[in-house]
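Notes follow the structure.
Values below: every heavy atom of this structure, side chains too, minus hydrogens, waters and symmetry copies. Along the sequence shown, residues carry numbers from 1. In each ligand, atom 1 is the first atom listed, and ligand 1 is the first ligand listed.
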Amino acid sequence: MSTNDSPEISAASRHVAAANADNADLKALIRTIPDFPKPGIQFRDVTTLLLDRCGFSSCVGRMAAAAPGPVDLVAGVEARGFLFAGALADRLNAGVLLIRKDGKLPGATIAEDYALEYGQDRIAMHADACAPDARVLLVDDLIATGGTARAAVRLLRKAGARVVQAQFLVDLPELGGADALRKDGVDVHALVAFEGH
Ligand SMILES: O=P(O)(O)OC[C@H]1O[C@H](OP(=O)(O)OP(=O)(O)O)[C@H](O)[C@@H]1O
Ligand SMILES: Nc1ncnc2[nH]cnc12
């Protein structure tokens with residue numbers, strides 16, 4: 001039996017094919033934890049989707065299907081974004097570019113400050129991580145205020161990259177991040193949306 005005939009891969013492929021407009025099957029795998037990490041935040045917990053073999057595979061397959069042609073690199077934001085970046089880069093035959101919380105990368109870095117829905121942070125990447133005009137797809141598990149993704153796009157552009165798309169499993173549209181990122185000139189694609197914070 002060839003690898004493509006394996007029952008697990010066939011099941012995952014069927015899930016990719018079964019994608020509907022709002023990806024309700026994926027949405028159902030994401031758990032909501034109220035009041036985490038602080039009162040008033042509805043935390044959209046993707047760990048439950050990650051635990052599901054077909055759910056994660058379908059998610060990455062649908063992300064790959066939405067990619068705008070070949071890309072050189074998939075950039076992922078620490079920490080949850082790394083999971084999607086690694087799997088997506090493998091599907092797209094691209095390299096993986098790590099955008100980390102500041103202070104973790106060993107080489108010369110460039111960094112950007114940003115505001116979160118529930119705090120303040122700073123991300124960094126290696127200054128020499130991408131060639132000029134490299135086609136980079138940015139991916140993260142979720143976009144809320146857009147602070148993280150917008151800082152990541154500023155960083156990538158500072159490094160000379162062309163950010164050809166930003167993809168997210170989850171969009172929280174009421175927080176305006178995806179719209180702000182579009183105004184920054186980025187093609188934004190998200191698989192599911194949750195109303196409410
Ligand atoms: O659109 P924003 O308002 O910037 O929020 C989205 C970011 O918040 C979460 O990461 P978090 O900083 O909590 O880090 P983690 O992945 O390490 O948990 C999420 O994974 C995004 O990166
Ligand atoms: N509401 C939320 N749920 C999960 N991750 C988040 N990151 C920022 N806001 C979030």
Side-chain angles (χ1 to χ4, degrees), residues 22-24 26-52 55-56 59-60 62-63 73-89 96-105 109-125 129 136-159 161 163 165-197:
D22 58 2
N23 294 300
L26 298 183
K27 191 169 179 177
L29 290 170
I30 299 167
R31 170 171 69 176
T32 296
I33 311 264
D35 300 322
F36 182 87
K38 65 180 198 189
I41 303 282
Q42 298 286 325
F43 195 86
R44 308 303 179 176
D45 178 19
V46 302
T47 64
T48 39
L49 178 142
L50 295 171
L51 285 166
D52 188 287
F56 183 53
C59 170
V60 176
R62 289 174 209 177
M63 286 177 159
L73 295 167
V74 178
V77 184
E78 186 174 1
R80 286 170 266 162
F82 286 175
L83 297 161
F84 296 89
L88 187 53
V96 184
L97 190 161
L98 301 188
I99 299 181
R100 300 210 60 178
K101 303 287 161 69
D102 195 29
K104 304 257 189 156
L105 289 166
T109 56
I110 51 177
E112 283 283 336
D113 293 308
Y114 63 102
L116 272 174
E117 187 183 2
Y118 40 77
Q120 186 79 26
D121 221 328
R122 184 173 167 84
I123 48 171
M125 62 176 273
V136 178
L137 193 167
L138 174 69
V139 68
D140 205 349
D141 67 321
L142 178 144
I143 182 162
T145 65
T148 309
R150 296 179 79 199
V153 168
R154 290 197 298 278
L155 261 185
L156 290 165
R157 287 177 172 167
K158 213 190 282 185
V163 182
Q165 191 180 51
Q167 286 213 32
F168 306 89
L169 168 56
V170 178
D171 178 23
L172 306 182
E174 286 174 17
L175 291 171
D179 282 343
L181 200 53
R182 288 189 183 99
K183 286 193 182 117
D184 291 342
V186 181
D187 171 26
V188 179
H189 183 269
L191 288 173
V192 306
F194 281 93
E195 300 307 321
H197 295 187

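- Considering backbone and side-chain atoms together, Y114 places no N or O closer than 3.5 Å to any N or O of ligand 1.
- For the pair L29 and T48, the minimum side-chain heavy-atom distance is 4.5 Å or more.
- With contacts defined as side-chain heavy-atom distances shorter than 4.5 Å, the pair L83/D141 does not qualify.
- Within the 4.5 Å cutoff, the side chain of L50 has heavy atoms near those of the F84 side chain.
- Note: no N/O pair closer than 3.5 Å links A115 and ligand 1 by distance alone.
- Heavy-atom contacts of L142 reach the following atoms of ligand 1: 6 (C), 21 (C) (cutoff under 4.0 Å).
- The shortest N/O to N/O separation between V77 and ligand 1 does not fall below 3.5 Å.
- Interface atoms of ligand 2 facing A144, defined by a heavy-atom separation under 4.0 Å, are 8 (C), 9 (N).
- Between the CZ atom of F168 and the CG atom of D140 there is a distance of 6.5 Å, given to the nearest 0.5 Å.
- For D113, the salt bridge (charged side-chain N to carboxylate O under 4.0 Å, His left out) test picks out R122, with sequence neighbours left out.
- When non-hydrogen atoms are compared, ligand 2 lies under 4.0 Å from neither the backbone nor the side chain of D141.
- Put simply, the side chain of D45 gets close to the backbone of T47: a donor and an acceptor are under 3.5 Å apart.
- Note on ligand 1: A149 sits outside its first shell, no heavy atom being nearer than 4.0 Å.
- Comparing R44, E78, K101, R80 by heavy-atom distance to atom 10 (O) of ligand 1, the nearest is R80.
- By the 4.5 Å heavy-atom criterion applied to side chains, L156 and I99 are counted as neighbours.
- Of the candidates I123, L83, D140, D140 brings a heavy atom nearest to atom 22 (O) of ligand 1.
- Of the heavy atoms in T145, both backbone and side-chain atoms come closer than 4.0 Å to ligand 1.
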